[in-house]
**Q** 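Below is the structure I would like to discuss, written out as structure tokens.
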Amino acid sequence: MPSFTWEPDQMPDQHGRTVVVTGATGGLGLAVATRLALAGAHVVAGVRDLDKAARVLPAGLEARVVDTASVASVRAFARHLAEDGLVVDALVNNAGISAPRFELGVDGLERTWATNVVGPAVLADAMLPVLGGPSPRVVLVGSNLSQRTARVPDLDAVDDPGSYRQFAAYTASKTAAAAMAVDLGERLRASGSVVRSVIAHPGIAATGMNGQAETLLATLAGSIARLAARTVEDGARAVLWAATAPDIEEGVFVGPPLRRSDRRLHVIPVRGAAADGAFRARVRGFVDRTAERAVR
């Protein structure tokens, strides 16, 4: 299945399925959560701000607090799902940021990496006991940047304020997140689990992410990106397909091409540093050490 056309109205009926979507109060997450709910899914919207959720989420979506920058928060979120007896068919790890300046998160890690790498990886692991149904899966919302760069992220520089550059930090974090998604899939296969781990990217989509800039250069780059961007609804197609397609392959990277007039979705292998087993092992160690420090 190298490329194909697919629109949300081709989505299978979602009645009886429960899908968790993080970062669901805006942009891509809101579009994905809304469309899943319209198709009949019970959508659990993982949000940081319940007041905002009450204002922006359509009726019928269930909002629960989770901050993917906090290991304690994602573990509590998964624990509460289990305590309430929910069986989750799909986790859409969508929440992400591109921090304009260096800033430490609640666990003492640079905030972009905390939100984009450590939190989603810990959440995916913590939710494995509640993932079920006929075709359970974890969908990471990735970035095509991770496929297009040959640069290997320097894990030793993550917490160095002097080397922080917004675009480079974001690209590196999405590369590391993709590595963790591949690592998860390998561990699931090795254990005989039926849960699948896949990566979906929206292409260049007109979301609030393009506005998270502080420097003049970053602002200019964001403006150019918005001119070439797909609509949020268009960008959501790959994520919706990955969350709902009954025959999805384990470990694929799916998304649209750069040219926004081309509405095909392309399914390709993971490339770049995330495809390197040694790098994946280093990122796994980084995530494990960060999570261990966070609970001390």
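Just so you know, these numbers use all the heavy atoms, side chains as well, and skip hydrogens, waters and symmetry mates.
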**Q** What's the spacing between L36 CG and R17 CZ if we round to 0.5 Å?
**A**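 Atom-to-atom, L36:CG and R17:CZ are 7.5 Å apart.
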
**Q** Take V92 and V141 through the side chain to side chain contact (heavy atoms under 4.5 Å, CB included) test and state the conclusion after the steps.
**A** CA-CA 7 Å; V92 178; V141 177; 3.9 Å; yes

**Q** How long is the gap from OG1 on T25 to CG on D51, to the nearest 0.5 Å?
**A**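 Separation between the atoms: 11.5 Å.
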
**Q** Linking I/L/V/M/F/W/Y whenever their side-chain heavy atoms sit closer than 4.5 Å, directly or via other members, would V106 and V118 fall into one cluster?
**A** no

**Q** Is there a donor-acceptor pair closer than 3.5 Å between any side-chain N or O of D159 and the backbone N or O of E110?
**A** yes

**Q** Where do E250 and V195 come nearest, in terms of heavy atoms and distance?
**A**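 Smallest heavy-atom distance, with atoms named: OE1-O, 4.3 Å.
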
**Q** Would the number of heavy atoms belonging to other residues, nucleotides or ligands and lying under 6.0 Å from CZ of R48 be above 12?
**A**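 No, because the 6.0 Å sphere around CZ of R48 holds 12 heavy atoms or fewer from other groups.
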
**Q** Please evaluate residues W241 and V198 with respect to the criterion side chain to side chain contact (heavy atoms under 4.5 Å, CB included), reporting the C-alpha separation (whole Å), side-chain torsions for both, the decisive distance (0.1 Å), and the verdict.
**A** CA-CA 11 Å; W241 179 81; V198 298; over 6 Å; no

**Q** Please determine whether side chain to side chain contact (heavy atoms under 4.5 Å, CB included) holds for the pair N94 and V139, giving the CA-CA distance in whole Å, both sets of side-chain angles, and the decisive distance to 0.1 Å.
**A** CA-CA 8 Å; N94 165 74; V139 179; over 6 Å; no

**Q** Under the criterion side chain to side chain contact (heavy atoms under 4.5 Å, CB included), I'd like the reasoning laid out for H201 against S143: C-alpha separation, chi angles, the key distance, then a yes or no.
**A** CA-CA 5 Å; H201 77 92; S143 169; 5.6 Å; no

**Q** Output the distance between atom OG1 (T244) and atom CD (Q10), rounded to the nearest 0.5 Å.
**A** 10.0 Å

**Q** Is R35 salt-bridged to E233, cutoff N-O under 4.0 Å?
**A** no

**Q** Is a salt bridge present between D107 and R293, judged by a nitrogen-to-oxygen distance below 4.0 Å?
**A** no

**Q** Kindly give the cluster partners of L38, where membership spreads through any ILVMFWY side chain lying under 4.5 Å from a current member.
**A** none

**Q** Tell me whether L240 shares a hydrophobic cluster with F4, the cluster being built from Ile, Leu, Val, Met, Phe, Trp, Tyr side chains joined at under 4.5 Å.
**A** yes

**Q** Which pair of non-hydrogen atoms, one from V44 and one from T18, has the smallest distance, and what is that distance?
**A** CG2-CG2, 4.3 Å

**Q** Using the rule that two of Ile, Leu, Val, Met, Phe, Trp, Tyr join whenever any of their side-chain heavy atoms come within less than 4.5 Å, decide whether V88 and V47 are in one cluster.
**A**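 No, it is not one cluster - the side chains of V88 and V47 are not joined through contacts under 4.5 Å.
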
**Q** Only one of D288, V117, V71, T290 passes side-chain contact (heavy atoms from CB on, under 4.5 Å) with V122; say which it is.
**A**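 That would be V71; it is the only one of D288, V117, V71, T290 passing the side-chain contact (heavy atoms from CB on, under 4.5 Å) with V122.
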
**Q** Do L91 and L86 belong to the same hydrophobic cluster, where Ile, Leu, Val, Met, Phe, Trp and Tyr are linked whenever their side-chain heavy atoms lie under 4.5 Å apart, directly or via other members?
**A** yes

**Q** If Ile, Leu, Val, Met, Phe, Trp and Tyr residues are connected whenever their side-chain heavy atoms lie under 4.5 Å apart, and connections chain through other members, are F102 and L155 in the same group?
**A** no

**Q** Does either side chain, that of Y164 or that of T112, offer a donor lying less than 3.5 Å from an acceptor on the other one?
**A** yes

**Q** With the threshold set at 4.0 Å, does a side-chain nitrogen-carboxylate oxygen contact exist between R55 and D49?
**A**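 Salt bridge flag = no for D49 with R55.
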
**Q** Rounded to the nearest 0.5 Å, how far does CD of E103 lie from CD1 of I97?
**A** 7.5 Å

**Q** Supply the atom-to-atom distance L140 CG to L123 CG, rounded to the nearest 0.5 angstrom.
**A**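 Result: 11.0 Å between the selected atoms.
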
**Q** Write down the atom of V65, the atom of F77, and the distance for their closest heavy-atom approach.
**A**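 Looking at all heavy atoms of both residues, the shortest contact is O-CD1, 3.5 Å.
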
**Q** Calculate, to the nearest 0.5 Å, the distance between atoms CG and CH2 belonging to L104 and W113 respectively.
**A**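 Going from CG on L104 over to CH2 on W113, the span is 14.5 Å.
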
**Q** Heavy-atom count check: over 12 atoms from other residues, nucleotides or ligands less than 6.0 Å from R263 CZ?
**A**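 More than 12 heavy atoms, drawn from other residues, nucleotides or ligands, come within 6.0 Å of this atom.
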
**Q** Look at the side chain of K52 and the backbone N and O of L57, then say whether any donor-acceptor pair between them is shorter than 3.5 Å.
**A**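 Checked: no pair found.
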
**Q** Shortest non-hydrogen contact from P256 to R237?
**A**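 Heavy atoms of P256 and R237 come nearest at CB-NH2, 4.5 Å.
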
